[in-house]
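Note sheet for the following structure.
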Amino acid sequence: MESFINSATRRLHATQLVLLCALTILLSAPTTTAANLSELPRGFKATPDSSTKTFQPLLTDSNGNFSLGFLRLNKTQLALAVLHVPSSQPFWLANPSLLARWSDRTQLTFNGSLVLSDPQTRVYWSTHTDADRVILLNNSNLQIWSQNQDEAPAWQSFDFPTNTLVENQNFTSTMALVSSNGLYSMRLGTDFIALYANFNPGSEQIYLRHKAMEAKTEIVENQGPIYAQVNPDRYLGMYQTGNPVPADVQKFNSFQTPITGFLMLRLETDGNLIGYFWDGSKWVSDYQAISVPCELPSACGSYGLCTAGNGCSCLDNRTEFSSGECFAVQSGDFCSDDIPKNNFWVLRRNGVELPYKELMGHQTTSSVEQCERLCETNCSCWGAVFNNASGFCYMMDYPIQTLVVVGDETKMGYFKVREGAGRKKMNVGLGVGIGVMCGVVLIFVGIVGVWSFRVWRRKRGGARSRFMEEDGGLSPGPYKDLGSASFRSIEMGSR
Ligand SMILES: *[C@@H]1O[C@H](CO)[C@@H](O)[C@H](O)[C@H]1NC(C)=O
Ligand SMILES: *[C@@H]1O[C@H](CO)[C@@H](O)[C@H](O)[C@H]1NC(C)=O
Ligand SMILES: *[C@@H]1O[C@H](CO)[C@@H](O)[C@H](O)[C@H]1NC(C)=O
Ligand SMILES: *[C@@H]1O[C@H](CO)[C@@H](O)[C@H](O)[C@H]1NC(C)=O
Ligand SMILES: *[C@@H]1O[C@H](CO)[C@@H](O)[C@H](O)[C@H]1NC(C)=O
Ligand SMILES: *[C@@H]1O[C@H](CO)[C@@H](O)[C@H](O)[C@H]1NC(C)=O
Ligand SMILES: *[C@@H]1O[C@H](CO)[C@@H](O)[C@H](O)[C@H]1NC(C)=O
Ligand SMILES: *[C@@H]1O[C@H](CO)[C@@H](O)[C@H](O)[C@H]1NC(C)=O
Ligand SMILES: *[C@@H]1O[C@H](CO)[C@@H](O)[C@H](O)[C@H]1NC(C)=O
């Protein structure tokens, strides 16, 4: 490197050298990026640092427990996040569904609104406020206040939860928790908490419904909306606004014990809702909405089979449950004109049922054949389970997930498997389509590549890394990599 600079400078005239130096200083001058502030004033501006591996703190609460900063995801992507610093767990993301790119063109500014943007192309996220300062409270709540101290902040992150609630945070019927893989969500109904799976866009399957017990007080119709809250007295409560007595209490394990650690509740990537307390060094599981593994909405993944106490296998007894899945994850339906209607083969398995069948709609048919025919002729149906004793026919309008083994062989399952899934055979039409796409992409890559190579000739590998950044920015996708399945998958980066 040094010899390169030497040989390069020798060829330059003095004036050019001065110009070059000025340019270098200008380019490397830090933008007003001060790490670890206790308050962001108007005019604040920060850009991500290319040397940061995982997290770049910008604003820290008074205890140093929580920090607002840039979280690097998947190497090239960026989320504005509030992190629990000792465990490196993200508690809140500003832009979970529209990740920015980790590039010096991305910036966070506070001009009255907190804005995450690439000024040349787009705004990823904004609070749409006109206020004076940003603070981070010691409970992870990010707030924006006006100078004239109103009673309420102009904006707060507690009103826009991601997948986590902390103690005392109010969860109302206008909010949703969404698991970090985007598959599961939690919402409130008129008098219940419900969990939903989104196995197919546009079809939502409820898999858990907890109605308020109303033991201590009743929910009165038209007397105000209900909300849920993790109470520091160590339970998940459901309340009606205006009434401090909980209409429902779901006790944590530490309820009425001397344990005191900070509480949080998170919707995990497996669809479970788990409560934790902080014991000073780690998060300890303290509540589970679903305590039996087979009752999870997709305990063994796509086309899996869950046996109580005996783990996972596959619906297709010729397939081995090895890599954690039976068939590749499938999507869509059989209705599209591009794909032949009968582009599937049929898998049957008796002695199975759906883990959440009590919450499913069903039709009554006179025979298993009639139930199967209803599904076979309906292009949005992926499968059906018939109960011979009741005549109930349960149909699924999303790709088959996990079924549960029951002793009763008269519960009969019928499942469509898309042609090619599980076998390394590709649909011809799809193959041609992908081929053409690849050609177009290659030509584009070629043009951009030549162009960027010229621009970045002197910077080894410059053209390539720039192109990868572009790619990451164009396809944000759900932030799958966040470590909710495993608690330790995100490490703190350099500060
Ligand atoms: C940030 O500030 C807090 C409190 O002022 C301090 O405890 C913490 O160590 C600081 N963190 C960094 C990364 O400087
Ligand atoms: C702050 O900046 C954003 C993005 O540049 C802009 O849309 C917004 O109008 C600005 N807000 C104020 C209060 O100046
Ligand atoms: C958090 O801040 C509030 C007031 O802002 C204070 O009453 C409380 O004791 C603080 N909690 C901790 C754990 O520092
Ligand atoms: C939660 O809602 C209750 C009742 O509406 C209110 O008294 C309390 O201040 C709210 N808590 C937070 C953190 O907003
Ligand atoms: C917050 O900081 C205090 C003081 O350092 C500590 O006792 C407490 O356990 C921390 N809480 C969390 C949730 O990290
Ligand atoms: C697999 O299932 C089919 C149909 O249910 C059955 O006929 C066959 O014996 C099973 N094979 C094994 C190895 O269990
Ligand atoms: C299903 O139920 C009918 C009567 O309801 C009975 O005749 C038939 O044998 C049952 N089929 C199976 C497979 O158990
Ligand atoms: C096809 O199945 C879906 C979901 O199972 C259902 O909503 C729809 O009404 C069915 N269509 C017909 C024509 O039966
Ligand atoms: C992360 O990158 C991998 C491949 O590099 C890709 O398959 C995955 O979808 C990306 N995840 C997100 C959240 O973009």
Side-chain angles (χ1 to χ4, degrees), residues 38-39 59-68 82 84-87 91-92 133-145 149-161 164-175 177 188 193 212 217 219-220 223-248 259-265 277-281 283 348-353 362-372 384-394 406-414:
S38 62
E39 177 180 325
L59 174 68
T60 304
D61 84 289
S62 57
N63 290 332
N65 284 343
F66 297 101
S67 194
L68 171 77
V82 171
H84 177 248
V85 176
S87 66
F91 271 40
W92 178 78
R133 60 200 190 96
V134 183
I135 57 168
L136 184 60
L137 303 189
N138 62 11
N139 59 6
S140 82
N141 195 4
L142 182 70
Q143 294 189 327
I144 301 181
W145 287 87
Q149 290 281 352
D150 305 323
E151 303 89 86
W155 180 95
Q156 58 176 354
S157 63
F158 268 18
D159 292 340
F160 306 90
T164 305
L165 293 178
V166 301
E167 56 182 55
N168 285 324
Q169 180 172 359
N170 291 333
F171 182 77
T172 70
S173 55
T174 60
M175 301 174 185
L177 290 190
L188 288 180
I193 294 181
T217 184
I219 292 172
V220 188
Q223 289 283 304
I226 68 160
Y227 65 94
Q229 189 193 67
V230 177
N231 192 291
D233 286 340
R234 318 196 86 73
Y235 61 85
L236 172 59
M238 234 185 287
Y239 302 80
Q240 187 160 30
T241 305
N243 182 354
V245 181
D248 186 64
I259 296 170
T260 57
F262 188 79
L263 298 172
M264 67 117 154
L265 184 73
F277 71 85
W278 179 248
D279 76 352
S281 62
W283 292 101
R348 288 186 175 81
R349 182 95 185 210
N350 293 347
V352 296
E353 72 180 15
H362 58 259
Q363 300 185 31
T364 306
T365 57
S366 57
S367 65
V368 65
E369 289 79 16
Q370 197 190 346
C371 176
E372 289 187 3
V385 176
F386 179 70
N387 181 342
N388 197 50
S390 63
F392 291 171
C393 176
Y394 302 90
V406 288
D408 186 354
E409 286 292 313
T410 68
K411 293 183 172 167
M412 294 171 270
Y414 164 94

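When a ligand or atom number is given, it counts from 1 through the structure's own listing order.
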Next on the checklist: Could you walk me through whether Q169 and N141 satisfy the side chain to side chain contact (heavy atoms under 4.5 Å, CB included) test, starting with their C-alpha distance in whole Å, then the side-chain angles of each, then the deciding distance to 0.1 Å, before giving a yes or no?
Outcome noted: CA-CA 9 Å; Q169 180 172 359; N141 195 4; over 6 Å; no
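- Across L59 and S38, no two heavy atoms sit closer than the pair CD1-C, 3.3 Å.
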Checklist entry - After noting the C-alpha distance and the side-chain angles of V352 and K411, does the key distance pass the side chain to side chain contact (heavy atoms under 4.5 Å, CB included) rule? => result CA-CA 6 Å; V352 296; K411 293 183 172 167; over 6 Å; no
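- Two residues are said to be in side-chain contact when any heavy atoms from C-beta on lie closer than 4.5 Å; N168 and N139 fail this criterion.
- For the pair Y227 and ligand 4, a heavy-atom separation below 4.0 Å is found.
- Contact annotation for N168 and ligand 4: only backbone heavy atoms (N, CA, C, O) come within less than 4.0 Å of the ligand.
- Residues V166 and F158 are in side-chain contact: their nearest non-hydrogen atoms beyond the backbone lie under 4.5 Å apart.
- The shortest N/O to N/O separation between N170 and ligand 4 falls below 3.5 Å.
- For atom 1 (C) of ligand 3, the closest heavy atom belonging to the protein is N138 ND2, 1.4 Å.
- The presence of a protein heavy atom under 4.0 Å from atom 12 (C) of ligand 3 is confirmed.
- Set against the non-hydrogen atoms of N63, the atoms of ligand 3 under 4.0 Å away are 12 (C), 13 (C), 14 (O).
- By the 4.5 Å heavy-atom criterion applied to side chains, F386 and E372 are not counted as neighbours.
- The protein non-hydrogen atom at the shortest distance from atom 2 (O) of ligand 7 is N388 ND2, 2.4 Å.
- D248 places none of its side-chain heavy atoms less than 4.5 Å from the side chain of I193.
- For atom 5 (O) of ligand 3, the nearest protein heavy atom lies 4.0 Å or farther away.
- Distance remark: protein heavy atom not present below 4.0 angstrom from atom 9 (O) of ligand 7.
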